[in-house]
Undergrad: 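The following block contains the structure, expressed as structure tokens.
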Amino acid sequence: MKCALCGFEFSDADAKRPCTSCPLGANCDLVCCPNCGYQTPGEPRWLRRWRGRRHRIRSTESPEPSAAISLAALKSGWDAEIVKVYAHDDAVLRKLTALGLVPGVRLQLLRKFPCYLLQLGHAQIALDKQLAAAIGVRAD
């Protein structure tokens with residue numbers, strides 16, 4: 001798993017269970033990041049299997065992994081890692097940083113129209129074309 005807040009990668013076994021004294025107890029599906037303590041619902045088993053199948057299907061059609069391209073040029077459905085932020089002014093850089101879009105973060109482009117919709121862990125972020133063009137990614 002990857003924390004949507006800090007980007008820390010951890011396994012489901014390493015995750016803390018936040019509600020030890022909660023009456024729901026064992027039925028609680030919240031997962032706590034061991035790095036920052038951010039709580040998110042656990043990913044269902046059927047979703048993990050579905051993503052694994054989609055990744056195996058797409059792996060045959062992905063571009064050269066070393067090629068860095070703009071997020072605006074990435075095809076829908078592909079996974080990528082942010083390698084550079086091309087911000088021409090501080091406002092764009094502050095906005096992307098506040099959204100957690102910094103180098104090293106892994107994402108998936110879900111769609112490009114009517115806006116760029118990104119999946120980062122369990123979070124989804126919508127961007128306009130100007131912000132998407134300011135992000136350099138390396139596709140998987």
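Everything numeric in this text was worked out from a predicted model, so none of it was measured. Heavy-atom basis, side chains included; hydrogens, waters and symmetry copies ignored. We're numbering straight along the sequence, starting at 1.
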Undergrad: Can you tell me how far apart CG (Leu101) and CG (Leu131) are? Round to the nearest 0.5 Å.
TA: 8.5 Å
Undergrad: Taking Gln119 for its side chain and Gly121 for its backbone only, find out whether a donor-acceptor pair lies under 3.5 Å.
TA: yes
Undergrad: To the nearest 0.5 Å, what is the distance between OH (Tyr116) and CD1 (Ile135)?
TA: 10.5 Å
Undergrad: Between atom CZ of Arg94 and atom CG of Asp89, what is the distance when rounded to the nearest 0.5 Å?
TA: 8.0 Å
Undergrad: Walk me through it: do Ile125 and Leu117 pass the test side-chain contact (heavy atoms from CB on, under 4.5 Å)?
TA: CA-CA 6 Å; Ile125 298 174; Leu117 186 63; over 6 Å; no
Undergrad: Let me see the working for Leu99 and Leu120 under side-chain contact (heavy atoms from CB on, under 4.5 Å), right down to the final yes or no.
TA: CA-CA 10 Å; Leu99 291 171; Leu120 282 82; over 6 Å; no
Undergrad: Below 4.5 Å, heavy atoms only, C-beta onward: do Val83 and Pro103 meet side chain to side chain?
TA: no
Undergrad: Atom CG in Asp79, atom CZ in Arg138: separation rounded to 0.5 Å?
TA: 14.0 Å
Undergrad: Drop me the distance from Cys115's SG to Asp128's CG, to the nearest 0.5 angstrom.
TA: 9.0 Å
Undergrad: So, for Leu71 and Leu109, which heavy atoms are closest and what is the spacing to 0.1 Å?
TA: O-CD2, 4.2 Å
Undergrad: Do Val102 and Val92 belong together in a cluster built from hydrophobic side chains that touch within less than 4.5 Å?
TA: yes
Undergrad: Determine whether Arg111 and Phe113 make a side-chain contact, defined as any pair of heavy atoms from C-beta on separated by less than 4.5 Å.
TA: no
Undergrad: Enter the distance from Ser70:OG to Lys129:NZ here, rounded to the nearest 0.5 Å.
TA: 9.0 Å
Undergrad: Can you check whether Leu93 reaches Val85 side chain to side chain, under 4.5 Å on heavy atoms?
TA: yes
Undergrad: So, the side chain of Lys112 versus the backbone of Ala72: is there a donor-acceptor pair under 3.5 Å, distance only?
TA: yes
Undergrad: Write down the atom of Leu74, the atom of Ala139, and the distance for their closest heavy-atom approach.
TA: CD1-CB, 3.8 Å
Undergrad: Taking the side chain as C-beta and beyond, is there a heavy-atom pair between Cys32 and Tyr38 under 4.5 Å?
TA: no
Undergrad: Locate the shortest heavy-atom distance separating Glu81 from Gly104; write the atom from each residue and the value.
TA: OE2-CA, 3.7 Å
Undergrad: So which heavy atom on Ala133 is nearest to which on Tyr86, and how close?
TA: O-CD1, 4.3 Å
Undergrad: Is any side-chain heavy atom of Leu118 closer than 4.5 Å to a side-chain heavy atom of Gln124?
TA: no
